[in-house]
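Please read the structure below before turning to the comments.
The sequence lines fix the lettering, A, B, ..., with proteins before strands; numbering per chain opens at 1.
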Amino acid sequence: MADRPDEPNGKPAAGNGDGKPPEEQADINKLLRASSGLPEGKLEAVEPRRAGVVTKVRDPAVALAERARAEFEGYKDPQQTQLWKSIFRVSHDRSDPRNRSLAVLSNVFLHLHPAKINRDAVRYNFTWGMGGITFYLFIVLTFTGVLLMYYYHPVKVQAFKDILYLEHDVPFGKLLRNMHRWAAHLMVITTWLHMFRVVLTGSYKRPREFNWCVGVVLLVLTLLLSFTGYLLPDDQLGFWAVTVGTNMARATPLLGHEGPFGPQLGMTPFNDVRFGLLGGSIVDANALLRSYIWHCIGIPLVASIFMAVHFWRIRKDGGISGPAPVMLDSEMKPLRK
Amino acid sequence: MAMAIPRPRGASRKWVWLIVAVVVVGALALMVQDWHQLWKISSTPDNIPIVAMIPLVVFFTWLGFKQSRANDELIERLEADPQAAKTAHRKTLPWRPGWARELHVWPYLVRIEFMAALIVTIVLFVWSITLNAPLEEPANPNLTMNPSKAPWYFLGLQEMLVYFDPWIAGVVMPSLLIIGLMVFPYVDSNPLGNGYYSWRQRRFATGMFMWGFYMWIILIIIGTFIRGPGWIWFWPGQTWDHNAVVFDRNRDLHEIIAGWGLTKLNVYPWKAIFGGIVVGSFYLVGGLFFHWLMKRAQMSRETFRSWANFKRWATVPGELEMKILQRTSILQYLTFQFFAISILLAFPVKLLLRLLFTIKYVWVTPWFNI
């Protein structure tokens, strides 16, 4: 019986020690009573109470400590905690292929990827990583751009001062502006190189023709994003670059007041397409505001939609195009009529 | 007697190339009069991207063509051996039976993406710490910047303004460029080379794109390094003279011809009709040129060995090229021709007419000039 502590009557007896059988315990009590010289019944009243206090305090404490130790052991593996499991649904067990797939499929940021890809598709010699880097730069630009927006007023009297403030007083303001600028330039370069790679690998071919067109739109939007941002510091550089750029719009056929057939259709500097772009006949306060809205809200929104389509279609067209097995000239099938 | 050590052929050629490169660079360096001016242009913060872009484009062209060459050799080998073509692994990348065909994205792709993001971030930090974004004086409509340049990626368009009226350079050309890029996959009727680098199988399509791509970059280089105050042509290394004036006798084509005795060309409607004929024949000749070009077989060293070989190359169409042409629909063919002539050919032709022959317009009408 002593080796079964979970026995119901084993526990209370444990007060004076070692879980002896009840009849033996009664004998001991009798002996104690005799030696103490107290009247009958008194001992009964005192002894159990004393044993009870010790028991009540020590036993749960020991049990609690035991539980805490066991629980603490559990915390040594954070992946087994409720908190962890509520965030990450999948164990990070590398040996289980199912987990590796689920790691991608159950993650909103990674689920644009398939679970598995062609073993050669991870070669960066093939992709140059330019599409992914372009997207990453868009994220960097969004992040730094939002931070810049906290310090910038698209108002003629304030814009240039804001840039000075940003450069000289805001902690890390100069770094922030530099990073936004250079990331934008880099994004133009990576977009072009991405397009170049897609041509060299023939990745625009069936079934990806439409996605190429989406990509061309994204290229144009990238250039426009960069261009609309150029005016925002409201310095000579941006002002004249945008003046030169938008002056071309005067010459739009039909819609510009200096373009072919423009004047015949009633175009003047105050109602033509350039006026619409600038919100005026010269690059001024309205142009600054329009540029700002296009740069921070309009074009990024449109670009995000096109990006979503671009990435989605890459998945739907079976991932990136290669490196595919080569086809031979002699295998070119005659065109189906 | 010492044994003559056979030297690999490539090694000696490398030396020749190196010497040629040194001589060329040395000659160019001697032509530079004003190093300070050159440095000032190249180190302008906003020009750094284009300075960086030139070696990047060269590097990635090399990287692409290296892989094209490997694939082309494989294709050639398999084409010569139909039995091997049935069983061979059709990639130049290593492969062993038993290897898994697919990899898990987690971690094999995700870790590459992570590393790429990390490297780009580091590059951006270093770039941003070492180089400040430009900030000029506050905008002043009364003080014109000279030269007043667009951002570098639009300098191609600004350079076009020299050769065409603004409605063409600023509106029509960019639109054609965008639409031309969009129709590109639809006019390429060649099913080969889908998803792998190859030059041999798609020389014409790749070549046409690269023609446009490099033209765009060359225009940007001209706009960045060559155009100075007043948008005047200063060679790299020449001092930008703010007082320079160029006395170009820019004339229209019909004026030159009229000077030869056909005085009627100076008046309407003959002036306009003459220009129309010139532009029309340009499209005709351009069309014939592209038609000839798209049928050409690959050049080899043999092509230049003898005149007969060259003549054969120039007159006998390539087999693969003819097969591709037969797959091309009439609509595809005409669409391609239109964009190729209007952008790829019109632009360099007008550039040369202007820079070499100082011709301003070839077609003058009361409504528009080209």
So for [X], is it side chain, backbone, both, or neither that comes closer than 4.5 Å to the heavy atoms of chain A?
| X | value |
| --- | --- |
| Ser175(B) | neither |
| Val110(B) | side chain |
| Thr61(B) | both |
| Ile324(B) | both |
| Ser148(B) | both |
| Val171(B) | side chain |
| Tyr214(B) | side chain |
| Ile168(B) | neither |
| Asp188(B) | side chain |
| Glu319(B) | neither |

Do you know which of [options] has the most heavy-atom pairs with chain B at a distance under 4.5 angstrom?
| options | result |
| --- | --- |
| Asp120(A), Val104(A), Ile117(A), Val216(A) | Ile117(A) |
| Ala159(A), Gly259(A), Pro114(A) | Pro114(A) |
| Met195(A), Lys156(A), His180(A) | Met195(A) |
| Cys213(A), Ser321(A), Pro260(A) | Pro260(A) |
| Arg123(A), Arg206(A), Glu258(A) | Arg123(A) |
| Ala249(A), Gly262(A), Ala115(A) | Ala115(A) |

Relative to chain B, which segment of [X] carries a heavy atom at a distance below 4.5 Å: side chain, backbone, both, or neither?
| X | result |
| --- | --- |
| Val220(A) | side chain |
| Trp182(A) | both |
| Glu331(A) | side chain |
| Ala183(A) | both |
| Arg181(A) | side chain |
| His185(A) | both |
| Leu110(A) | side chain |
| Arg250(A) | neither |
| Val244(A) | side chain |
| Thr190(A) | neither |
| Phe261(A) | side chain |
| Val122(A) | both |
| Phe210(A) | both |
| Ile133(A) | side chain |

> Stepwise, does the side chain to side chain contact (heavy atoms under 4.5 Å, CB included) test hold for Met332(A) with Arg327(B)?
Replying inline: CA-CA 10 Å; Met332(A) 186 157 64; Arg327(B) 292 174 59 93; 3.9 Å; yes
Ignoring hydrogens and geometry beyond distance, is a side-chain donor-acceptor pair present between [X] and [Y] at under 3.5 Å?
| X | Y | answer |
| --- | --- | --- |
| Glu79(B) | Ser330(A) | yes |
| Ser226(A) | Tyr153(B) | yes |
| Glu159(B) | Trp231(B) | yes |
| Ser198(B) | Asp72(B) | yes |

>> If you apply the rule side chain to side chain contact (heavy atoms under 4.5 Å, CB included), what do you find for Asp235(A) with Phe160(A), and how did you get there?
In response: CA-CA 7 Å; Asp235(A) 64 341; Phe160(A) 188 78; 3.8 Å; yes
Out of [options], which one racks up the most heavy-atom pairs below 4.5 Å with chain A?
| options | result |
| --- | --- |
| Phe368(B), Phe209(B), Trp95(B) | Phe209(B) |
| Ile48(B), Thr206(B), Leu78(B) | Leu78(B) |
| Ala150(B), Gly193(B), Ala205(B), Ala52(B) | Gly193(B) |
| Ile119(B), Leu320(B), Asn132(B) | Asn132(B) |
| Leu161(B), Leu143(B), Leu157(B) | Leu143(B) |
| Gln201(B), Lys149(B), Arg202(B) | Arg202(B) |

> Yes or no on side chain to side chain contact (heavy atoms under 4.5 Å, CB included) for Tyr186(B) and Gln332(B), after CA distance, side-chain angles and deciding distance?
Replying inline: CA-CA 7 Å; Tyr186(B) 297 100; Gln332(B) 283 176 321; 5.6 Å; no
>> Using side chain to side chain contact (heavy atoms under 4.5 Å, CB included), reason through Tyr136(A) and Met187(A) one step at a time and then give a plain yes or no.
In response: CA-CA 9 Å; Tyr136(A) 178 66; Met187(A) 190 172 160; over 6 Å; no
>> Surrounding CE of Met322(B) (heavy atoms of other residues, nucleotides or ligands, distance under 6.0 Å), is the total greater than 12?
In response: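 Counting other residues, nucleotides and ligands, CE of Met322(B) exceeds 12 neighbours.
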>> Just checking Tyr204(A) against Phe184(B), ring centres under 6.0 Å apart?
In response: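 Ring centroids of Tyr204(A) and Phe184(B) are less than 6.0 Å from each other.
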>> I want to know whether Tyr197(B) and Phe126(A) have ring centres closer than 6.0 Å.
In response: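 Centroid distance Tyr197(B)-Phe126(A): below 6.0 Å, so yes.
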> Hey, which of Leu223(A), Leu137(A), Leu193(A), Leu219(A) is the one that makes side chain to side chain contact (heavy atoms under 4.5 Å, CB included) with Val188(A)?
Replying inline: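 When Leu223(A), Leu137(A), Leu193(A), Leu219(A) are each tested with Val188(A), the side chain to side chain contact (heavy atoms under 4.5 Å, CB included) holds only for Leu223(A).
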> Do you know the tightest heavy-atom contact between Val199(A) and Trp212(A)?
Replying inline: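 So the minimum-distance heavy-atom pair works out to CG2-CH2, 3.6 Å.
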> Between Arg119(A) and Glu102(B), is the closest basic N to carboxylate O distance under 4.0 Å?
Replying inline: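 No, Glu102(B) and Arg119(A) are not salt-bridged.
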